[in-house]
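Owing to the predicted nature of the structure, the values given are computational and were not obtained by experimental measurement. In what follows, every chain begins at residue 1, and chains take the letters A, B, ... in the order their sequences are listed.
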Amino acid sequence: MSTTKTTSNNFIKNIINEHMETGKYGGRIHTRFPPEPNGYLHIGHAKSIYINFGIAEEYKGLCNLRFDDTNPIKEDVEFIESIKEDVKWLGFDWEDRLYYASDYFERLYQFGVQLIEAGKAYVCELNQEKVKEYRGTLTEPGKESPYRNRSVEENLDLFERMRQGEFADGSKVLRAKIDMSSGNLNMRDPVLYRIQRSTHHRTGDKWCIYPMYDFAHPLSDAIEGITHSICTLEFEDHRPLYEWLVSSVNVEGPPQQIEFARLNLSHTVMSKRKLRQLVEEGYVDGWNDPRMPTISGLRRRGYTPESIRDFCERIGVAKANSMVNIAFLEHCVREDLNKRAPRVMAVLRPLKVVIENYPEDKVEILDAENNPESPEMGSRKMPFSRVVNIEQDDFLEEPPKKFFRLAPGREVRLKHAYIIKCEKVIKDESTGEVIELRCTYDPETRSGASTVGRKVKGTLHWVSAEHALRADVRIYDHLFTKENPDEAHDFKANINTDSLETLDSCLVEPHLEGAKPGSRYQFLRQGYFCVDPDSSDQLVFNRIVSLKDTWAKIQKAQGNK
RNA sequence: UGGGGUGUAGCCAAGCGGUAAGGCACCGGGUUUUGGUCCCGGGAUGCGCAGGUUCAAAUCCUGCCACCUCAGCCA
């Protein structure tokens, strides 16, 4: 039952295919995933990881993991570990190619020297404000820095002394000498190095000058022999600079930058700033809150890495900005879990049912298949007795049209057990709330017996009252009520205040005793659930995603009439 | 008003001159001891708009329009 994954073509693969035909890189494909260790990875990063590692895999090439750690004031080792964990969890392997831009600081510095020697870079003493002023605007060209035409010797000397720490932070920068009148602001003598006395998480206090992304990134790619440097659309404007740098340092087969549209997912936010806000202001319980679109959140929620990769494959790769509906992600987990998750019965909101004609102390051990989609998953035993619990939603005193479940005088099947009939409804005298059902069962209808002439429309899940285990279940909904929370001036105005509902009197079948955190199940007729790490003697489940619910749809349609 | 991009069904997305793939969502129907799964069927006479080239255009050309993006010593 192995499904042949058909990976479809996209514009990046088309480019690579062409390179393969023309032999541009000698048939070599080498990509990289270059996160800055300044935050947690989210589903948008998963897309990038999937593209970079996935393409390398598909073309029998390599993909490096490289931390773009050129700005120590924003970065931290904490993030390095979480990023590594997430990439691994997604199922990708950088083997021995774990790199850091900071590993290249010395070589990068030498590239800076080379650029100066070639007359392509200079030390500028304009302060930050002046640099900005001289840059011009979108519609007006910039002005050349008065320091632009220093001699190579003077530049060399100054750059060296910048490194030695002779100058104050921010007093000087190394700039590329390109074109102050370029329509592309990135080409107006971009800053390559800044003086910034801060302790780097890997190089300590060895350096007081740090390279800028625009300088370090293309050259790091070149150093690693990257062939295809795949990044997101906002770097499109940087490509001329990327090419300028990479061709100025004499590497063979300079890497090519290719940009794709980053992922936007409906009903959530993706920016690090906003995610951090949700965490810091207590809207969620942390970066790995199961409602977060972070990899760690999705992991805790119970998403499988396979489903996330499948999602990344199926959304495609293009250059058009788009927003994928989160329903598609949910579809991908359902599809994966349908095949893999063992089925189990759990009653989230219990309603007591006494089967009056069933012997008081009799217990039958019934056989229940674990997964009708995968018979090889076998079956388990389930106790059945006189008192069971069913879902409150599965009984209605006054059933509307098309309601196939239990109602006074009606019959339903208890999955894997018997057909029962509702004989009497017991209510709380003061509140009128239904608190118990008195039913009878038909001994001839035990699961597996002939059902000729005994069709019932509804089948319910249940648990045996005396055997059931108590559990907490956390029901999650989308974090935001709007498809695009960013549409509002303040995205927080669209926070879904009901994104978490905790049910603390759930009853699950005894088979679940000792279920390990991380294990996933389908609660029959309800959805897919995952044992949360909080689980101990007290079972705690996260709802990963509900099952599709046609009845809910019918009710909604009826309500709309 | 400068530079760089993008516009194919409600949402993604193939297509690269020969007459609109696929998926999600949605709507029908069938199977079903999960109102799940699975199976079958349905939607663009149309590809941002307007012209042009061609026997033939989503694909080529021209002109418009809309949206995204760039003025960190962030990445």
Side-chain angles (χ1 to χ4, degrees), chain A residues 6 8-10 14 34-36 38 68-71 73-75 124 126-128 131-133 135-142 169-175 181-188 190-196 209-210 212-214 216-217 231 233-240 259 261 266 272 314-325 327-332 334-335 338-339 343 345 369 371-373 402-405 412-417 419 445 447-448 451 454-461 483 522-527 546-554:
Chain A
T6 47
S8 56
N9 259 9
N10 58 51
N14 290 343
E36 182 187 19
N38 71 343
D68 231 326
D69 55 350
T70 56
N71 188 8
I73 63 178
K74 287 192 169 182
E75 298 153 8
C124 180
L126 254 22
N127 63 29
Q128 202 158 165
V131 168
K132 182 176 178 176
E133 189 184 318
R135 186 155 33 226
T137 68
L138 292 179
T139 51
E140 307 154 35
D169 285 14
S171 61
K172 291 182 176 51
V173 291
L174 182 72
R175 289 230 254 169
S181 64
S182 172
N184 181 348
L185 306 215
N186 293 115
M187 299 300 271
R188 321 242 263 225
V191 172
L192 268 21
Y193 265 95
R194 75 278 211 180
I195 303 173
Q196 180 177 289
I209 58 172
Y210 290 100
M212 301 290 291
Y213 164 87
D214 276 322
H217 192 82
C231 63
L233 250 31
E234 66 270 29
F235 294 105
E236 214 154 17
D237 299 336
H238 298 239
R239 190 170 62 227
E259 312 85 10
S266 74
K272 275 178 193 166
R314 300 216 263 170
I315 54 176
V317 184
K319 296 193 72 159
N321 288 315
S322 62
M323 175 170 298
V324 176
N325 199 293
F328 191 52
L329 214 210
E330 294 169 348
H331 166 80
C332 291
R334 279 197 194 99
E335 193 176 276
N338 178 48
K339 291 175 305 203
R343 264 117 252 228
M345 290 206 252
E369 64 185 342
N371 189 336
E373 302 302 311
K402 292 187 185 170
F403 184 81
F404 303 152
R405 281 111 96 143
V412 293
R413 170 172 290 283
L414 293 182
K415 178 81 178 176
H416 297 133
I419 291 176
T445 58
S447 192
T451 55
R454 271 317 245 128
K455 293 274 184 197
V456 287
K457 285 202 130 179
T459 299
L460 310 187
H461 59 276
E483 268 195 29
Q522 183 195 99
F523 287 0
L524 222 65
R525 302 207 303 136
Q526 308 198 88
S546 69
L547 249 32
K548 286 215 294 193
D549 190 347
T550 305
W551 170 237
K553 211 177 272 181
I554 293 169

If you measure from the [atom1] atom in [N] to the same atom in [M], how many Å do you get, rounded?
{"N": "B:A21", "M": "B:G63", "atom1": "P", "value": "32 Å"}
{"N": "B:G46", "M": "B:A20", "atom1": "P", "value": "12 Å"}
{"N": "B:A56", "M": "B:C26", "atom1": "P", "value": "42 Å"}
{"N": "B:U59", "M": "B:G2", "atom1": "P", "value": "26 Å"}
{"N": "B:G36", "M": "B:G29", "atom1": "P", "value": "13 Å"}

Original post:
Should the ring pair A:His217 and A:Tyr213 be called parallel, tilted or perpendicular, given that the plane angle runs from 0 to 90° and is split at 30 and 60?
Top reply: parallel
Subject >> With A:Thr445 via side chain to side chain contact (heavy atoms under 4.5 Å, CB included) - residues at least two apart >> reply: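 Scan of A:Thr445 (side chain to side chain contact (heavy atoms under 4.5 Å, CB included), adjacent residues dropped) gives A:Arg413, A:Tyr418, A:Ile419, A:Asp442, A:Arg454.
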**OP:** Could I get the full list of side chain to side chain contact (heavy atoms under 4.5 Å, CB included) partners for A:Leu524, not counting sequence neighbours?
**Re:**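 Counting only residues at least two positions away or on another chain, A:Leu524 forms a side chain to side chain contact (heavy atoms under 4.5 Å, CB included) with A:Arg343, A:Met345, A:Lys415, A:His461, A:Gln522.
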**OP:** Give the C-alpha distance, both sets of side-chain angles, the deciding distance and a yes or no for side-chain contact (heavy atoms from CB on, under 4.5 Å) between A:Lys402 and A:Trp551.
**Re:** CA-CA 9 Å; A:Lys402 292 187 185 170; A:Trp551 170 237; 4.2 Å; yes
Original post:
5'-most contact on RNA chain B: A:Trp551 or A:Asp237, nearest heavy atom basis?
Top reply: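 Its nearest nucleotide lies further toward 5', so the answer is A:Asp237.
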Original post:
Which comes earlier along RNA chain B counting from the 5' end, the contact point of A:Phe523 or that of A:Val173, where each point is its nearest nucleotide?
Top reply: A:Phe523
Original post:
Using a heavy-atom cut-off of 4.0 Å to chain A, what are the terminal contacting nucleotides of RNA chain B, in 5' to 3' order?
Top reply: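 Both ends considered, the range comes out as B:U1 to B:A75.
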Original post:
Side-chain contact, heavy-atom cut-off 4.5 Å: A:Asn71 with A:Gln196?
Top reply: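 A side-chain contact exists here, since the closest heavy-atom pair is under 4.5 Å.
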**OP:** Would you mind reporting whether A:Val191 and A:Arg175 have side-chain heavy atoms less than 4.5 Å apart?
**Re:**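 A:Arg175 vs A:Val191: side chains touch.
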Original post:
Taking a pair as Watson-Crick or G-U wobble with both distances under 3.5 Å, which nucleotide is matched to B:A58?
Top reply: none
